[in-house]
Amino acid sequence: MPSSWIGAVMLPLSGLLLCLPAGADVKARSCGEVRQAYGAKGFSLVDIPYQEIAGEHLRICPQEYTCCTTEMEDKLSQQSKLEFENLVEETSHFVRTTFVSRHKKFDEFFRELLENAEKSLNDMFVRTYGMLYMQNSEVFQDLFTELKRYYTGGNVNLEEMLNDFWARLLERMFQLINPQYHFNEDYLECVSKYTDQLKPFGDVPRKLKIQVTRAFIAARTFVQGLTVGREVANRVSKVSPTPGCIRALMKMLYCPYCRGLPTVRPCNNYCLNVMKGCLANQADLDTEWNLFIDAMLLVAERLEGPFNIESVMDPIDVKISEAIMNMQENSMQVSAKVFQGCGQPKPAPALRSARSAPENFNTRFRPYNPEERPTTAAGTSLDRLRTVWRTMQHSVTDIKEKLKLSKKVWSALPYTICKDERVTAGTSNEEECWNGHSKARYLPEIMNDGLTNQINNPEVDVDITRPDTFIRQQIMALRVMTNKLKNAYNGNDVNFQDTSDESSGSGSGSGCMDDVCPTEFEFVTTEAPAADPDRREEDSSAARLSHSLLSLSVACVVLALQRLCR
């Protein structure tokens with residue numbers, strides 16, 4: 001027999017001899033363990049064979065002898081996608097709940113603070129000014145309405161609104177201190193133009209404008225930041241894996257089932273490459289997210305210190321009352337300058353209304369005793385307000401700590417997920433883990449974070465030329481919010497930066513000269529105050545003097561009216 005012919009006969013025989021034992025050994029393997037694990041997932045056992053079968057039909061897992069049918073591979077592929085989506089949502093749960101819960105607390109506090117401040121002013125002014133206040137209360141109600149509208153996102157220019165408040169108050173006060181004259185709308189408009197020039201309310205409007213605008217800009221921007229952080233976290237945590245990602249997830253999580261190894265978990269580094277490929281766009285969010293968190297922390301520090309909202313809203317009634325006292329004390333000079341600039345007004349057509357004024361004043365208008373301000377009596381609205389504020393101080397501190405923990409959360413997602421013992425075999429078990437092909441060590445290097453670094457990802461097919469437009473939208477939302485926060489930190493309202501003709505050029509509520517805001521402010525307390533006895537004593541003594549002068553002024557008006565009536 002020729003040697004060539006013998007060789008030709010021996011080759012197929014040797015191949016047959018090699019294949020038969022191997023085939024007989026593989027076919028002898030049971031799929032019992034896989035059937036148990038597959039059934040535990042809630043799937044029907046109808047799809048799964050009892051023993052391994054040839055795997056040429058598999059599209060994702062290795063096409064070797066397998067316990068998976070085509071139906072099983074499809075179902076496990078969908079299962080891997082679902083589990084991945086749940087893992088991302090679960091892993092980002094902390095950051096999402098941080099923004100949701102803290103937004104709710106801050107918003108509830110701020111709204112309650114505004115309500116209590118308005119109620120405190122109303123209670124105090126009713127007792128102090130009686131019918132005079134009640135007849136003009138809409139001026140003050142409008143002030144708080146506009147403050148609330150600004151806080152809730154309304155298109156309100158704080159500087160213009162506050163200027164309008166003082167102009168309206170001047171018009172009303174001017175009529176009250178000059179009851180013997182009649183003023184038409186044109187004349188009153190002329191009076192209001194003298195608000196800045198005459199400074200009839202002293203320095204209170206300027207101080208209050210600085211405090212209110214800075215505090216409200218910081219508070220509104222901070223709560224908007226919490227809203228944006230919440231929305232971005234909610235949106236980004238709901239991932240839509242690409243087909244390439246789904247294939248990689250199936251291969252990592254459930255191809256061990258098809259290979260008859262349902263208890264073998266993926267290698268840690270293998271998991272990292274799969275997750276970095278699937279979450280490449282989310283990782284690109286990290287840079288802008290970290291800048292956003294830093295800006296939130298800066299504004300939180302402002303709210304704790306110089307832009308402390310409680311230090312503005314708690315004594316706002318005292319400050320406005322002080323302004324009214326200034327107007328009363330300077331009423332003669334103010335009237336003289338207005339008459340000089342706007343012309344001599346016409347006498348009132350009738351004095352019958354004036355005759356009733358002394359009776360009205362005697363019964364309703366009396367000197368204000370500062371000790372009656374509801375700041376010390378237990379159970380008052382301001383006591384509740386301070387309790388809320390103390391809670392809020394702790395809340396702002398808590399928010400800051402939680403914000404710090406949320407930095408780098410998106411680039412850390414792969415590491416957090418792959419640390420989960422439900423997902424991987426862990427770093428201590430690198431030899432007995434699933435590497436995508438068999439139970440052995442995973443050799444490829446770990447990819448860096450972000451989309452561009454996935455060009456050579458060995459596990460996930462990633463198109464680095466097509467960034468996720470949805471993630472890019474979130475990056476832009478964070479960038480816009482970060483800009484607002486930086487402006488709020490400096491006392492500027494970004495929504496109105498170009499609308500002001502002030503020399504500061506910083507728009508609504510800056511109160512800053514040459515676009516520079518100092519870290520500490522002369523007129524704003526640097527800490528959230530508890531009840532300060534020294535301050536209360538100073539306010540009390542100043543208010544007593546002011547109200548004594550007011551009483552004298554009113555007495556003079558009453559005597560003058562009585563003479564006219566005779």
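Any value given below was found using the heavy atoms of this structure, including those in side chains, with hydrogens, waters and symmetry copies removed. Values in this document were obtained by computation on a predicted structure and should not be read as measured data.
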Could you tell me which non-hydrogen atom of [X] sits nearest to which non-hydrogen atom of [Y], and how far apart they are?
X	Y	answer
Glu56	Ala54	OE1-CB, 3.0 Å
Asp449	Ala283	CB-CB, 4.3 Å
Asn281	Asp468	OD1-N, 2.9 Å
Leu249	Cys278	CG-SG, 4.2 Å
Cys67	Glu52	SG-CG, 3.6 Å
Cys31	Pro49	CB-O, 3.3 Å

Q. Can you tell which of Lys404, Lys407, Lys400 makes a salt bridge (Lys or Arg N to Asp or Glu O under 4.0 Å) with Asp294?
A. Lys407
(Q) Applying the salt bridge (Lys or Arg N to Asp or Glu O under 4.0 Å) criterion to Glu108, which one of Lys104, Lys105, Arg111 satisfies it? (A) Lys104
Can you check whether [X] reaches [Y] side chain to side chain, under 4.5 Å on heavy atoms?
X	Y	result
Arg302	Phe222	no
Val212	Leu147	yes
Thr145	Lys148	no
Ile246	Gln78	no
Gln474	Gln282	no
Phe84	Leu279	yes
Val88	Lys238	no
Lys41	Glu83	yes

Are the side chain of [X] and the backbone of [Y] linked by a donor-acceptor contact shorter than 3.5 Å?
X	Y	answer
Asn234	Arg230	yes
Thr227	Val223	yes
Asp463	Thr465	yes
Asn483	Arg479	no
Thr97	Phe94	yes
Arg247	Arg59	yes
Asn457	Asn273	yes
Arg259	Thr66	no
Arg96	Glu89	yes
Asn290	Lys408	yes

Q.
Walk me through whether Tyr38 and Tyr257 qualify under ring pair (Phe, Tyr, Trp, His ring centres under 6.0 Å).
A. CA-CA 8 Å; Tyr38 188 72; Tyr257 279 52; 7.4 Å; no
Q: Check whether NZ of the Lys or CZ of the Arg Arg235 lies under 6.0 Å from the centre of the six-membered ring of Phe470 and within 45 degrees of that ring's axis.
A: no
Q: Flag this pair as yes if the NZ/CZ of Arg220 is under 6.0 angstrom from the six-membered ring centre of Tyr151 and inside a 45 degree cone about the axis; otherwise no.
A: no
(Q) For a ring pair (Phe, Tyr, Trp, His ring centres under 6.0 Å) check, start with the C-alpha distance between Phe292 and Trp410, then their side-chain angles and the critical distance, and finish with the verdict. (A) CA-CA 13 Å; Phe292 161 70; Trp410 306 113; over 10 Å; no
Salt bridge present between [X] and [Y] (N-O < 4.0 angstrom):
X	Y	answer
Glu90	Arg422	yes
Glu431	Lys439	no
Glu115	Lys119	no

Q: Verify the neighbour count for atom CG of Asp420: are there more than 12 heavy atoms of other residues, nucleotides or ligands below 6.0 Å?
A: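 Yes, CG of Asp420 has more than 12 neighbouring heavy atoms, counting only those of other groups under 6.0 Å.
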Q: Taking atom OH of Tyr50 as the centre, report whether more than 12 heavy atoms of other residues, nucleotides or ligands fall under 6.0 Å from it.
A: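 No, not enclosed.
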Any chance the side chains of [X] and [Y] put a donor and an acceptor closer than 3.5 Å?
X	Y	value
His57	Thr69	no
Lys75	Tyr254	no
Tyr415	Lys276	yes

Can you tell me how far apart [atom1] ([X]) and [atom2] ([Y]) are? Round to the nearest 0.5 Å.
X	Y	atom1	atom2	answer
Leu226	Arg102	CG	CZ	10.0 Å
Met481	Met476	CE	CE	15.0 Å
Glu445	Leu272	CD	CG	13.0 Å
Thr416	Met275	OG1	CE	11.0 Å
Met252	Ser80	CE	OG	8.5 Å
Leu58	Met250	CG	CE	8.0 Å

Q. Given the rule in the side-chain contact (heavy atoms from CB on, under 4.5 Å) test, do Cys68 and Leu76 qualify, once you have shown the distances and angles that lead to the verdict?
A. CA-CA 9 Å; Cys68 282; Leu76 289 173; 4.2 Å; yes
Q: Begin with the C-alpha distance, continue with both residues' side-chain angles, and end with the deciding distance and a verdict on disulfide bond (SG atoms under 2.5 Å apart) for Cys61 and Cys258.
A: CA-CA 7 Å; Cys61 297; Cys258 297; 3.8 Å; no
Q | side chain to side chain contact (heavy atoms under 4.5 Å, CB included) partner of Cys418, the single match among Leu87, Asn269, Thr427, Thr424 | A | Thr424
Q) Which word best sums up how the rings of Phe110 and Phe216 line up, parallel for under 30°, tilted for 30 to 60°, or perpendicular for over 60°? A) perpendicular
Q | All pairs passing disulfide bond (SG atoms under 2.5 Å apart) where residues 429-466 contributes a residue, at least two apart | A |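 Every pair satisfying disulfide bond (SG atoms under 2.5 Å apart) with a residue in residues 429-466: Cys267-Cys433.
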Q) Picking from Glu459, His437, Glu430, what satisfies side chain to side chain donor-acceptor pair (under 3.5 Å) with Tyr442? A) Glu459
**Q.** Derivation of the side-chain contact (heavy atoms from CB on, under 4.5 Å) call for Arg472 and Ile475
**A.** CA-CA 5 Å; Arg472 291 306 179 269; Ile475 290 173; 3.9 Å; yes
Q. Trp289 and Val409: side-chain contact (heavy atoms from CB on, under 4.5 Å), yes or no, with the steps?
A. CA-CA 9 Å; Trp289 176 267; Val409 65; 3.8 Å; yes
Q) Could you walk me through whether Cys271 and Val423 pass the side-chain contact (heavy atoms from CB on, under 4.5 Å) check? A) CA-CA 8 Å; Cys271 173; Val423 179; 4.1 Å; yes
